[in-house]
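First up is the structure itself, then whatever we jot down about it.
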Amino acid sequence: MTDATDTRTTDSTAGDGLTAQYHPGEVEQRRYESWVRGGYFEADPASDKPPFTIVIPPPNVTGSLHMGHAFEHTLMDALNRRRRMQGYEALWLPGMDHAGIATQNVVERQLAAQGLSRHDLGREKFVEKVWQWKAESGGAILGQMRRLGDAVAWSRERFTMDDGLSRAVQTIFKRLYDDELIYRANRIINWCPRCLTALSDIEVEHSDDDGELVSIRYGDGDHAIVVATTRAETMLGDTAVAVHPDDERYRHLIGTEVELPLTGRRIPIVADEHVDPEFGTGAVKVTPAHDPNDFEIGQRHNLPSLTIMDERAVVTVPGPFEGLDRYEARPAVVAALREAGRIVAEKRPYQHSVGHCARCKTTVEPRLSLQWFVRTGPLAKAAGDAVRDGRVAIEPADMAKRYFAWVDNMHDWCISRQLWWGHRIPVWYGPAGEMVCVGPDDEAPSGDGWHQDEDVLDTWFSSALWPFSTLGWPEQTPDLAKFYPTSVLVTGYDILFFWVARMMMFGLYAMDGRQPFDVIALHGMVRDEHGKKMSKSFGNVVDPLDWMDRFGADATRFTLARGANPGSDVPVSEEWCQGSRNFCNKLWNATRFALMNGATVAGELPPSDELSVVDRWILSRLQHVTAEVDEQFEHYEFAKVCEALYHFAWDEVCDWYVELSKPVLSGGGPAAERTRRVLGHVLDRLLRLLHPVIPFVTEELWIALTGGETVMRAPWPVAEDGRIDDDAEEELLALQKVVTEVRRFRADQGLRPTQRVSAALTGLGNVGIDGHETLIRSLSRLDPPAADFTATATLAVTGGIAVDLDTRGTIDVAAERARLAKDRAAAEKEAAQCRAKLDNDAFVAKAPEPVVAKIRDRLSAAEADLARIAASLEALPTS
RNA sequence: GGGCGCGUAGCUCAGUGGGAGAGCACUCGCCUUACAAGCGAGGGGUCGCAGGUUCGAAACCUGCCGCGCCCA
C-alpha cells in the first residue's frame, strides 16, 4: 500500500478469494442448485442406513411462505440435515394440501370477476378449472422453500388430490365405513352461510363480540315465564322452554304449556338438568334446529325441530319476517315483540361468545342437516393411549396435557363439506333408498336412479393420512417399509387438535396400530418483537422473503432457531435478524483470516502433547461445545444449540483463540504449522455443527476451507473425550483474567488502545502460565520493562499475580482509587455472604460437605483479594 | 364459566434447591492489518406481591394481583 487510500471497508479480496463482507445473495441460489444437482436431498429406500423421516406439514396450495412456515421449516431442515450428516438415510418429504374451501374461494373469485359462478360452469368444468389454476398459480410456496434452503426430496413431492393420495382416501373411507366408524346422520352442525358448507367444530373460532340480550315474556299472567336470548329471531323456531328440575320458581309450570308470542303456537315447559338456574331468569328458550345445546335438550325431551332459516340464514317461516336474513330479522322480531308488550328487558351492548368460520370469519349458523361423521370414540382412545403408553413422545412433555384434554373429550367429526373441490364421498344412493360405499377397486353402481353423494370430504380427512399416503399406502411400497413410522412431526401447538390428533387416529387405524410418528415436537407461534401476535390488521407482519432479501436466508433462519425454545412462542425483530446477519459475517471473516494464514485440514491433527496450551484449550472447548450441541439437538432445544455455537464461535474462537494465535502464526516454524492445523480443525468442526441451522454460509466457507465436495456429506462431529484438557482450560482462564485486568486498568486510566506501556509481570508461575508472558503482553499491549523502568502502579490479580506498570508517572490516582474501591466493595460483599453462611451452625451441620467446602474456598479467596486491594490502595500516592 | 401457561436487566428471553445470566439496547474509549455487520471496557435486577417449607428459595407449596392462550 503506497498511499493513504483507505481500503479497509472496500470489498477487496485478500488472496483467499473471500470478500471482506459476506454477501448471501451471491451464494444462496448457487449453492441450493448445486445441492439439488448433487441429489443430496434424495433418500433411497434400499439403503441399509437407519431411516430418518419427516413429512412436511403440507402447506395450503393457495398459500405463500409466512414467518410461521419459515420457522417451522428451519427447525425441520436443521433436524434433517443433522441426521443426514450423522449417517441416517434422511428423508424430508414435501408437498401441499388442496385446501378445499380456500382454493374453491380463490377460483370462484376469479370466475366472479367474469360475472360467472361455479354453477354456470357445472361441477366437472369447475373442477377442471381448479386444476388449471393449480398448474398456473398454485404452490408459490414451493419456490420460496428453495430460497429458505429446505433440503426436501423434491422427487417425492405429493399433493393431497393426486391419484395415489386420493386412492388412500377412498380406501380408508371404505374401511372405516365397513367398520361402522363412519356414519351419516341428521345432526346440528356448524354451518357457514357464506361458504355454504358444514364446518367441523375446530374450524370455528370463538370471540367475545358485542350483541344484545333481550328478555322476552312467554305466556301471560301467573302462567308467564321470562327467557333471555341474544338471538331473538330464533324464537320463531322455539319448540319449548326449559328450566332446571329443582328450580322452585318454576316447579309449578313444568309440564304445562305457554303461548309462543307472534306465532300463536303453544310450546311445553320442560325440566332439564343442563339448564343453569343461575343464568338470567333460569329459564331458557329451546330452538333445537338452531342451537347445539337446544338440540340436545330437544333430543332428550322428544321435541320437534323447526328449521326457520335456509342455507344463507334467511328466514323461511311464512309471515312478516320471511325473506329477511338473520341480522334483519333480529331487530324486526324484537320490534314486533315490543309492540306486543313482550319485552321485559334489553341490554346493549351485551358481550358474548360468537363462533366464526375460520376461513371467512362469517358468524357460524348452527344448522340441522344430514352430514357424514367419523365416530371418533375408539380412534381417539387409541390416539390417546399411544401417547400414554410412551410409543409416541410429545416434546415438550408438558404439552401432552393439552393433547389428552382434546383426544379424551373428542366429539364426532363432521367430515362432509358442501363443496366441489375435494375428495367426493364414495357413496352411491340407489332408487330404492340403497346406500353403497365403494372402495377404490370396486365398480360403482350404475343405472337408473343411482347417483353419488354430492359432498366432498374435509381437507383434514386427507391430511390425516399424510404420514403414510405420501409413502405409497395403501400399496405396500419399499418407501412405506423403510420410512414409516416417520421419526418426528414438527408442528405448532395450535395444530395439535386440527391435525396431529387426526393423523394419530388414522395412522394407528390404517397401519395396524403403528404410530404415524415417534415424536411430536411442538413449537410456538412467531410473534413480533414485543411478543404480540402478527396480524395484518395490526400491521406488524414481517415477511420472511423480505428478510431473506436484506439479511440472507441464513440470518433469517438463525434468528428463528435462536428463539426456538420448545413449545414457546418466538418473538422476532429486524434488529435480531441484523445480529444474525452479523454473526454470519463474523464466521465469514474468521474463516477468511484462517485462509489468509494458511489454516488447513490436511493431515492428522497433532497429538495433544505436541500442542501449545492455547491449541489444547480450544480443542478442549470444542469437545464440550460439540457434546452440548449434540445433546441439545436431541431434545429439540434449538435456542440452546444456537446459543452454545454463537458463544463458542464469537467469544472463544474469534475473540480469544484467533487473537492468541496471531503471534504464533506470524512467528512461523513448526509451532505455526501446528496452530494452522488446529485452527483448520476447529473451523471445520464449527462449520459442520452450524450447518444444519445456517446451511448456505457454512457450505461456502467449508468448501473454501477444506476443498471438500459439500459439508452436507461431512460427518456430524462427535466429541472426543481424549481432547478434553482441564489443565489447559484452567490456565487459559487465568491468562484471560490477567489480560482482562490489565485492559480494565487501561480503560479506567483512559489509556489509548494503541499506547504501549512498560510492565513487569510476576507470579505467573503460581497458576502455571509463566510460559505465556509473550501472549499476555501481546493481548494487553504491554512492553517489557525498559532500562529506566519505574513502577507507578501495581495490579494485583487473583492467584498472586502482580502486574507492575510504568505509566511514566501519569497515573490517574483518583480513577485508580475508585477502581480499587469498587473491587473492595465486591470482595467485602462476597466475604460477608460467605461468613454469614459459615457462622450458621445449621448450615455447616446440614448442608452437603462439598457445598460447605466451596463456601470456605470462596471466603478465603475473597479475603486474599481484600488483602491485595488494601496493599494496592496503600501503595497509591496520597497526593 | 372450565382448563393450561406466564410474570427475572430498558426490550425479548434462558435459568427449577447452594455464587442472578444471554442477546439486543445503553455509557465510555478505539479505523487495533479477518471483520466498524468490528474491537476493548463498563453501568443496569428487593427474580409480580404476601405468607409457608428448608440450614439455604428466582426455583418447591398456598393465597392474591396482573397478562396471555385454549375450550364452553
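For the C1' atoms, the distance from B/C4 to B/G40 is 47 Å, rounded to whole Å. Straight-line distance between the C1' atoms of B/G3 and B/A9: roughly 33 Å, to the nearest whole Å. B/C13 and B/A25 have their C1' atoms separated by 14 Å, with the value rounded to a whole Å. Nucleotides B/C11 and B/C49 are separated by 23 Å at their C1' atoms, to the nearest Å. Comparing B/A14 with B/C24, their C1' atoms are spaced 14 Å from each other, to the whole Å. For the C1' atoms, the distance from B/U16 to B/A59 is 4 Å, rounded to whole Å. Look at the C1' atom in both B/C26 and B/C65: the space between them is 31 Å, to the nearest Å. Between the P atoms of B/G44 and B/G5, the separation comes to 36 Å (whole Å).
For the pair A/W588 CH2 and B/G38 C1', the computed distance is 17 Å after rounding to whole Å. Note: CZ (A/R550) to P (B/A37) measures 15 Å, nearest angstrom. Rounded to whole Å, the distance from CG on A/D398 to C1' on B/U16 is 12 Å. Distance CZ (A/R781) to P (B/U32): 9 Å, rounded to an integer number of Å. One atom, CG of A/D276, and another, P of B/G1, lie 11 Å apart when rounded to the nearest Å. With rounding to whole Å, A/E816 atom CD is found 15 Å from B/G42 atom C1'. In this structure, A/Q749 atom CD and B/G42 atom C1' are separated by 15 Å, rounded to whole Å. Protein atom CZ of A/R819 is 10 Å distant from nucleotide atom P of B/G42, rounded to whole Å.
No contact: A/H647 has no heavy atom under 4.0 Å from any strand. Within the 4.0 angstrom heavy-atom criterion, no nucleotide atom of any strand lies near A/K532. No engagement by A/E574 is indicated, since no non-hydrogen atom pair under 4.0 Å with the nucleic acid exists. Among the heavy atoms of the strands lying under 4.0 Å from A/R744 are primed sugar atoms or P, OP1, OP2 only; no base atom is included. Looking at heavy-atom distances under 4.0 Å, A/C654 makes contact with a base. Residue contacts for A/D655: at a heavy-atom cut-off of 4.0 Å it reaches the sugar-phosphate backbone alone, with no base atom in range. At a threshold of 4.0 angstrom between heavy atoms, the contacts of A/A590 include nucleobase atoms, whether or not backbone atoms are also involved.
At a cut-off of 3.5 angstrom, the base of B/C4 holds no donor-acceptor pair with the side chain of A/K401.
In this structure, the side chain of A/E28 engages the main chain of A/A553 through a donor-acceptor pair within 3.5 Å. When atom types are taken as modelled, the side chain of A/S780 and the backbone of A/L782 share no donor-acceptor pair closer than 3.5 angstrom.
Contacts of A/W576 classified as ring pair (Phe, Tyr, Trp, His ring centres under 6.0 Å), with partners at least two apart in sequence or in another chain: none. Considering only residues two or more places apart in sequence or on other chains, A/Y657 meets the ring pair (Phe, Tyr, Trp, His ring centres under 6.0 Å) condition with none of them. For A/E659, the side chain to side chain contact (heavy atoms under 4.5 Å, CB included) partners are A/K662, A/L779, not counting sequence neighbours. For A/P848, the side chain to side chain contact (heavy atoms under 4.5 Å, CB included) partners are A/P850, A/V851, not counting sequence neighbours. The side chain to side chain donor-acceptor pair (under 3.5 Å) check on A/K533 picks up nothing, with sequence neighbours excluded. In terms of the ring pair (Phe, Tyr, Trp, His ring centres under 6.0 Å) criterion, A/Y636 has no residue partners (sequence neighbours excluded). Applying the ring pair (Phe, Tyr, Trp, His ring centres under 6.0 Å) rule to A/F558 yields the partners A/F583; only residues at least two apart in sequence or on another chain are considered.
At B/A14, one or more side-chain N or O atoms of A/S568 fall inside 4.0 Å of OP1 or OP2 (strictly under the cut-off). At least one side-chain nitrogen or oxygen of A/K662 sits closer than 4.0 Å to the OP1 or OP2 atom of B/A34. When the side-chain nitrogen and oxygen atoms of A/N565 are compared with OP1 and OP2 of B/C13, none of them lie within a distance under 4.0 Å.
The pairing partner recorded for B/C4 is B/G68, the criterion being a Watson-Crick or G-U wobble arrangement whose two distances lie under 3.5 angstrom. As the counterpart of B/C55, B/G18 is assigned, both hydrogen-bonding distances of the Watson-Crick or G-U wobble pattern falling under 3.5 Å. With a 3.5 Å ceiling on both atom-pair distances, B/A9 lacks any Watson-Crick or G-U wobble partner. Of the nucleotides present, none pairs with B/C47 by Watson-Crick or G-U wobble criteria with both distances under 3.5 Å. As the counterpart of B/A41, B/U27 is assigned, both hydrogen-bonding distances of the Watson-Crick or G-U wobble pattern falling under 3.5 Å.
Of the charged side-chain nitrogens involved, at least one lies within less than 4.0 Å of a carboxylate oxygen, so that A/R744 and A/E741 count as a salt-bridged pair. Ion pairing between a basic and an acidic side chain is recognised when a charged N comes within 4.0 Å of a carboxylate O; A/R231 and A/D294 show no such pairing.
Ranked by how close their nearest RNA chain B nucleotide is to the 5' end, A/V653 and A/K822 are led by A/V653.
Taking only side-chain atoms of A/P571, from C-beta outward, the nucleotide of B/G40, B/C35, B/C13 with the closest atom is B/C13. Candidate nucleotides B/C35, B/A37, B/G15 were compared by shortest atom distance to the side chain of A/K640, and B/G15 ranks first.
For the pair A/D651/A/W656, no side-chain contact is recorded, criterion being any heavy-atom separation below 4.5 Å from C-beta on.
Under the side-chain hydrogen bond (donor to acceptor under 3.5 Å, both in side chains) criterion, the residue pairs touching residues 555-572 of chain A are A/D77-A/R557, A/Y493-A/D569, A/R527-A/D569, A/T559-A/S580, with sequence neighbours excluded. Each side-chain hydrogen bond (donor to acceptor under 3.5 Å, both in side chains) pair with one or both residues in residues 827-836 of chain A, not counting sequence neighbours, appears once here: A/E830-A/R858, A/R835-A/E863.
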Using atom names, set out every protein N or O paired with an N or O of nucleotides 52-55 of chain B below 3.5 Å, distance rounded to 0.1 Å.
{"from": "B/C55", "atom 1": "OP1", "to": "A/K846", "atom 2": "NZ", "distance (Å)": "2.3"}
{"from": "B/C55", "atom 1": "O2'", "to": "A/N840", "atom 2": "ND2", "distance (Å)": "2.9"}

Protein proximity profile, nucleotides 19-30 of chain B - base contact B, sugar-phosphate-only contact S, no contact -, cut-off 4.0 Å on heavy atoms: B--SSS-----S
In the 5'-to-3' direction, what one-character label does each nucleotide of nucleotides 65-72 of chain B receive under the scheme B = base within less than 4.0 Å of a protein heavy atom, S = sugar-phosphate only, - = no such atom? -----S-B
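Ring orientation note: the planes of A/W650 and A/Y646 are tilted relative to one another, at an angle of 30° to 60°.
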